[in-house]
Amino acid sequence: IIPTKNRPDDLRLAVASLLSQSCPPDQLVVVDQSADLVSREAVAAEMARAEETTVLTYLHDPSIAGLVAAKDASLTHATGDLVCFFEDDVVLETRYLEEMHAAFATHSEMVGCSGVITNASTNSPVYRAVYRLFHQGVFSDPRPDVYAAVSDGADELVPSPIINGGLSVWRREVFDVVPFDTDNGFHMMEDAELSVRALRRFSGGLFINPRARLAHYPS
């Protein structure tokens, strides 16, 4: 699932990286909040170029307001047992989905998992020390340390209280009991908010998978 708005060039690269996966997705759901059809045309061009049998579900609705609302709307159309959410300005390494599928297949307790951002700007030891200082308790967040460890070769699953919403995979049934919060208008920290509620229902069920890697090019 990719929510998008007015980023056709970024979206094209993201879709191309999804369609070239070693384990390609069964379905691609794009929730397009753009005013025009340029993004739709970009996705259609990539779909026509691909040799895979991924089914495209394209929702073009400028009335959808925001990221959380777009994700919530997408669930009506998503058919898979595993639901993956990606931002529209990421480029996945070829084995991203394969590594995620393997992790869920071998860890029955896992209900949600995010990969790692290989070009994150948070690897500085000073940044990570300050980040830890200001992220305590319910805001505890190991992601910067995990990203830095991956740069040093770490590849083992890491339990985490927060997973990154823009590169996350979830078991579909999670959303039957932990729906997206569409009432409070989140435009940031929505992934932390969802993670907190998910852990209340599925204790110990969230992980970071260092073997699933992508680059994020903030548009």
Side-chain angles (χ1 to χ4, degrees), residues 1-3 17-29 52-55 57 68 71-87 90 92-118 120 135 137-150 152-181 189-214 216:
I1 295 168
I2 306 180
S17 72
L18 277 167
L19 296 178
S20 62
Q21 289 290 293
S22 58
C23 177
D26 296 316
Q27 179 191 26
L28 171 60
V29 182
E52 302 299 337
T53 57
T54 299
V55 174
T57 302
V68 177
K71 289 183 175 181
D72 184 64
S74 73
L75 291 177
T76 303
H77 304 273
T79 60
D81 296 329
L82 296 177
V83 182
C84 316
F85 294 98
F86 294 107
E87 295 188 17
V90 299
L92 284 67
E93 293 190 3
T94 306
R95 292 175 55 87
Y96 192 99
L97 294 183
E98 181 178 351
E99 295 291 354
M100 281 297 194
H101 190 274
F104 275 90
T106 55
H107 292 78
S108 60
E109 77 279 18
M110 182 185 292
V111 298
C113 189
S114 69
V116 298
I117 300 172
T118 55
H135 289 77
V138 70
F139 295 105
S140 177
D141 185 356
R143 288 177 293 179
D145 288 328
V146 173
Y147 295 169
V150 167
D152 295 329
D155 63 359
E156 297 298 321
L157 285 173
V158 180
S160 178
I162 297 175
I163 62 174
N164 193 315
L167 47 148
S168 61
V169 185
W170 297 84
R171 295 195 192 273
R172 178 63 176 80
E173 60 264 28
V174 169
F175 299 103
D176 294 334
V177 292
V178 187
F180 284 109
D181 181 353
M189 296 297 289
E190 80 290 336
D191 47 4
E193 189 276 334
L194 179 63
S195 296
V196 168
R197 288 191 291 117
L199 278 181
R200 288 174 181 166
R201 296 298 299 266
F202 304 95
S203 179
L206 301 185
F207 294 83
I208 298 173
N209 185 357
R211 297 189 179 194
R213 306 178 181 188
L214 57 71
H216 183 209

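Everything numeric here is computed off the predicted structure, so don't read it as measured data. In what follows, every heavy atom counts, from backbone to side chain, and hydrogens, waters and symmetry copies are set aside.
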Item to complete: Start with the C-alpha distance between L75 and V29, add both sets of side-chain angles, then the distance that settles side-chain contact (heavy atoms from CB on, under 4.5 Å), and finish with yes or no.
Response: CA-CA 9 Å; L75 291 177; V29 182; over 6 Å; no
Worksheet item: So which heavy atom on L167 is nearest to which on V116, and how close?
Response: CD1-N, 3.7 Å
Worksheet entry | D26 CG: over 12 foreign heavy atoms closer than 6.0 Å | no
Worksheet, complete the sentence: Heavy-atom closest pair (L97 atom, P25 atom, distance to 0.1 Å) is CD1-CD, 3.7 Å
Discussion item. Main chain of F207, side chain of S160: is a donor-acceptor contact present, judged purely on distance under 3.5 Å?
Written reply: no
Discussion item. Are R211 and E156 packed together at the side-chain level, in the sense that at least one heavy-atom pair is separated by less than 4.5 angstrom?
Written reply: yes
Worksheet item: What residues, two or more places apart in sequence or in another chain, satisfy salt bridge (Lys or Arg N to Asp or Glu O under 4.0 Å) together with E99?
Response: R95
Practice prompt. Count the heavy atoms belonging to other residues, nucleotides or ligands that lie under 6.0 Å from CG of D81, then report whether that count exceeds 12.
Written response: no
Item to complete: May I ask you to test the E93-S22 pair for a side-chain heavy-atom distance under 4.5 Å?
Response: no
Worksheet item: Can you tell me how far the OG atom of S114 sits from the CG atom of D191, to the nearest 0.5 Å?
Response: 8.5 Å
Item to complete: Check step by step if side-chain contact (heavy atoms from CB on, under 4.5 Å) holds for V111 and V178.
Response: CA-CA 11 Å; V111 298; V178 187; over 6 Å; no
Worksheet item: Mind checking whether F175 and F180 have parallel, tilted or perpendicular rings, split at 30° and 60°?
Response: parallel
Fill in: NE2 (H101) with more than 12 external heavy atoms under 6.0 Å
no
Item to complete: Would you check, one step at a time, whether the test side-chain contact (heavy atoms from CB on, under 4.5 Å) holds for N164 with I117?
Response: CA-CA 10 Å; N164 193 315; I117 300 172; 3.9 Å; yes
Worksheet item: Roughly how far, to the nearest 0.5 Å, is the CG atom of L18 from the OG1 atom of T54?
Response: 8.5 Å
Item to complete: Determine the minimum heavy-atom distance between A73 and H77, stating which atoms define it.
Response: O-CD2, 3.5 Å
Worksheet entry | Min side-chain heavy-atom separation R172-T79 under 4.5 Å | no
Response to the item:
Rounding to 0.5 Å, atoms CD1 (I162) and NE2 (H135) come to a distance of 7.5 Å
Practice prompt. Please step through side-chain contact (heavy atoms from CB on, under 4.5 Å) for the pair F86 and L92, ending with a clear verdict.
Written response: CA-CA 10 Å; F86 294 107; L92 284 67; 3.7 Å; yes
Practice prompt. State, to 0.1 Å, how close E87 and H216 come at their nearest heavy-atom pair, and which atoms those are.
Written response: OE1-NE2, 3.2 Å
Worksheet item: Which distance, rounded to the nearest 0.5 Å, do you find between the CG of L206 and the OG of S195?
Response: 5.5 Å
Practice prompt. Quick one: closest heavy-atom pair of L157 and M110, and the distance?
Written response: CD1-CE, 3.8 Å
Worksheet item: Mind checking whether F202 and E173 have side chains closer than 4.5 Å, heavy atoms only?
Response: no
Fill in: From CG (L194) to CH2 (W170), nearest 0.5 Å
4.5 Å
Worksheet item: So do the side chains of L82 and M100 get within less than 4.5 Å of each other, counting heavy atoms only?
Response: no
Worksheet item: Would you say C84 and Y96 make side-chain contact, with heavy atoms under 4.5 Å?
Response: no
Worksheet item: Could you state the interatomic distance from OG (S168) to CD1 (I1), rounded to the nearest 0.5 Å?
Response: 9.0 Å
Item to complete: Provide the closest heavy-atom pair for C113 versus I163 in the form atom of the first, atom of the second, distance.
Response: N-CD1, 3.5 Å
